[in-house]
Amino acid sequence: MIVIPQVLDAEAVRSVRARLDAADWIDGNATSGHQSARAKHNRQLAEDSAEAKALGGIVLDALAASPLFVAAALPLKVYPPLFNAYGVGDGFGDHVDSAVRIRAGSDFRVRSDLSATLFLSDAADYDGGELVAEGQAPIKLSAGDMVLYPASSVHHVTPVTRGTRVASFFWVQSMVRDASARAMLFDLDRSIQDLSAAADPGAPALVRLTGLYHNLLRRWAEL
Ligand code: NI
């Protein structure tokens, strides 16, 4: 699991939340597969609503401006971000996200390599509502922070017992399908960034390492 801090800053979170709090919400099972529908209890913005599209655009712009997201996910396609809310008693039992997400009324489809949750409520504003992926510590982040995790993992959201947990969620098809290859590229990328900050970025060894990064990406990327 990779945490991307402050994808949205405090001002952007306030603005998005003000619009979400005034929006119309529908039953969250509108986007569920059969397995999920049994486990899922929450509300979400209708996928084709003008507000969901506008707010999703704000999230997409923020993702494009996040070097950490781009380095970690190596995104090829991002499913238009959706928005959900878990009130008291809501939760989402164990499930695996659908492998292919097809946008209703279009031919836009995404293979879900990575799932993303962008938290839009402060952790202090609700109890429960933790994202738990198999074998991982529960995740509950500050508003504006995002977590990326393998869409193939069994995961759940614990029931909310106080307040409301509002979030944006979506899926990413990566240029690099294999999670271990993607993790190695991310590690190499971060190491190169650290070395570049500490040493002469034009040093021959750094130039060779950067070349290795790109040549591995060239080998593994599917476009
Ligand atoms: Ni899920």
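Order of listing sets the numbers, starting from 1, for every ligand and every atom in it. What you are looking at is a predicted structure, and each value in this text was computed from that prediction instead of being measured.
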Residues clustering with L223 (ILVMFWY side chains joined when closer than 4.5 Å, directly or via others): L74, L76, M175, V176, M184, L185, L188, I192, L195, L206, L209, L212, Y213, L216, L217, W220
Pairs satisfying side chain to side chain donor-acceptor pair (under 3.5 Å), at least one member in residues 71-82, at least two apart: E47-Y79
Residue pairs passing the side chain to side chain donor-acceptor pair (under 3.5 Å) test where at least one lies in residues 50-68, sequence neighbours excluded: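 Residue pairs with at least one partner in residues 50-68: R19-E51.
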S142 side-chain N/O to D122 backbone N/O, donor-acceptor pair under 3.5 Å: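 Flag not set: sc S142 to bb D122 has no pair under 3.5 Å.
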Straight-line distance of L120 CG to R17 CZ, nearest 0.5 Å: 7.0 Å
Salt-bridge contact R111-D113 (side-chain N to carboxylate O under 4.0 Å):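 Result for this pair is yes, salt bridge flagged.
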In the protein, N/O/S atoms that are found under 2.8 Å from the Ni ion (ligand 1), waters not counted: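 Metal shell, protein only: H95 NE2, D97 OD1, H155 NE2.
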